[in-house]
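Below is one structure; the comments refer to it alone.
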Protein chains: 2
Amino acid sequence: MASGPAETTQAAAVPDALSSQPKLSPSVEVSSTRQSRVRRREDAIVAAAREMFTTHGYAKTTMAMIARAAGVADGTLYTYFENKEALARGVIADFYKRLTDSSQAGVDGRRTTRTKLDFLARHHLQRIMDERGIIEMLPTLMSSLSDYEGSDVHSLNKTYVAVFDRTVREGRASGDIPSDADVRVLRDIFYGALDYGGKSLMMRSSRKGARKADMTRFVDRLVSMIVGTGETARSVADRLESVADRLENTLKQIERK
Amino acid sequence: MASGPAETTQAAAVPDALSSQPKLSPSVEVSSTRQSRVRRREDAIVAAAREMFTTHGYAKTTMAMIARAAGVADGTLYTYFENKEALARGVIADFYKRLTDSSQAGVDGRRTTRTKLDFLARHHLQRIMDERGIIEMLPTLMSSLSDYEGSDVHSLNKTYVAVFDRTVREGRASGDIPSDADVRVLRDIFYGALDYGGKSLMMRSSRKGARKADMTRFVDRLVSMIVGTGETARSVADRLESVADRLENTLKQIERK
DNA sequence: TGAGGTAGCTGAAGCCTATTCAATTTAATC
DNA sequence: GATTAAATTGAATAGGCTTCAGCTACCTCA
């Protein structure tokens, strides 16, 4: 529709193979080239929108409020985003990008399957509780399933959960997770439980302390369900194995007599 | 605000201790008393609203559309419901009431913890997939957590999940579920996984057959996580564990010689 | 350096809906 | 049948999203 940089949002998912100008040295981002100013303005709009949506919710936030907060005219918003929904999607996309980065970083810093999953769970919970206003817009925007498939929010979500998927596959390979486990099933259970549990946690336990304890109990249980009764069942197997060794040896001795 | 029967919706949760008239024989419901006509009209409005919301989604449904479908004037809607949100809540409340009834009935017809949970899971999945348009309105309406607490939707939801809670408590008492399990934690995991999994199921597997298989695999896994590695496997594990104990002790004695 | 061109910006006007309310119809009561 | 109260109506109001004709600031190139 608009001839302006409206599609920038879509393209933002990819590194940036944008338009006419050959890329200048990236360090000059501070300079006042047209592109950089445009990008800065888009960032300002997204930031203003996030602020407003988070504070007042999607429905009660008006485009005028966002424009005012971003320091632009109402019409300018439509140069960058097709409409209110697209702007909200932009905010969500941005959220997912940040979430994915921090999740991957956290996972990389841990060794065992259990600690990785434990981190992923806590991190997800923390984030959706902090920025709940944003993720609550998701169902509103993606009401028609067809809206969702193919949207950049969808692909960014896939990128995000891929962090979990990789962790599970590694866990399966290393024997921490039963090898017959279906990654998609575990993923649905994991994130479903976290989203629902997050709401639940916010409702009860208003006291800071109680919430933290509740959260720990919840996460521990959830993670234990995935890495299996693992520990115990596994240790039984381990013990049985060593018992078998000792039995064989002892039996040999007894039989020899 | 309105002097009309606007609060009927709220009161509908309770059997009906309404107003002036002493209750006549309930069989005369067909008659044309003022109250009965009012109730019939409210039902018509809720039904029309459900139809529209389900087909077009909350945002794209206009009050005018609902009024037309219900065969009343625009203004009449506001005699029964304070505003569009309240009307949507009415639709959701109605959904929960029906869901609770059918769930309880299904649970009553089953014996074991596993089959009860299996039924609850499948039933919940089926319903949220069929009437997805309705439950998708929930986050939109209840965006401010404070809206939710105390709303009749909240209390009806509590009534609904109570069916699950009872099943889990019974399962704990009968030993099918570990006695240290926290009902709230299990509940969050159960319904969270189902809600998320439902969306997931709808996205992949468009083919009828594949969806049914996916659903079975998903539900089996989820239920197994709650009732444990399941009756048989669990008892074997228990036996193995105790055998291991005895073996170790015995071996020590033998080896000592 | 200045003319010409264009990307980006502006904000008032248009359009669409939720919601209100004065007037009207319908039902209950006496 | 008259009186009163409850329900209903739909046109008017209000407020928010979106458009668009014109304006500004910047870039390019001679």
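Letters go in sequence order (proteins before strands), and every chain restarts at 1.
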Ion pair check, A:Asp94 and A:Lys97, cut-off under 4.0 Å: no
Polar contact flag, side-chain donor to acceptor under 3.5 angstrom, B:Asn157-B:Tyr96: yes
For atom CD1 of B:Ile45 and atom P of D:dT8, their distance in whole Å: 8 Å
OP1 or OP2 of D:dA7 under 4.0 Å from side-chain N/O of B:Tyr80: no
Value in whole Å for how far the C1' atom of D:dT13 lies from OH of B:Tyr78: 13 Å
Touch class at under 4.0 angstrom, heavy-atom based, for B:Thr62 against every strand present: sugar-phosphate
Lys/Arg N to Asp/Glu carboxylate O, A:Glu136 vs A:Lys199, below 4.0 Å: no
Phosphate OP1/OP2 of C:dG8 contacted by A:Thr79 side-chain N/O (<4.0 Å): no
Integer-rounded Å distance: C:dG11 C1' and A:Arg68 CZ: 14 Å
d(CG, B:Leu77; P, D:dT8) in whole Å: 11 Å
Nearest-Å distance for atom pair CE/P, residues B:Met52 and C:dT17: 14 Å
Nearest-neighbour nucleotide for the B:Thr76 side chain, D:dT9, D:dT18, C:dA18 considered: D:dT9
Flag for B:Ser200-B:Arg204: side-chain donor and acceptor within less than 3.5 Å: yes
Polar side chain donor-acceptor pair, B:Thr76 to B:Arg41, under 3.5 angstrom: no
Minimum-distance nucleotide to B:Ala73 side chain [options: C:dC9, D:dG10, C:dG11]: D:dG10
A:Glu82 CD to D:dT19 C1', straight-line distance once rounded to whole Å: 13 Å
Candidate nucleotides C:dT19, C:dC9, D:dC17, ranked by approach to the side chain of A:Arg41 - the nearest: C:dC9
Value in whole Å for how far the C1' atom of C:dA13 lies from CG of A:Asp74: 12 Å
Nucleotide of D:dT8, D:dC17, C:dT10 approaching A:Lys84 most closely (side-chain heavy atoms): D:dC17
Distance in angstrom units between A:Arg40 CZ and C:dG8 P, rounded: 14 Å
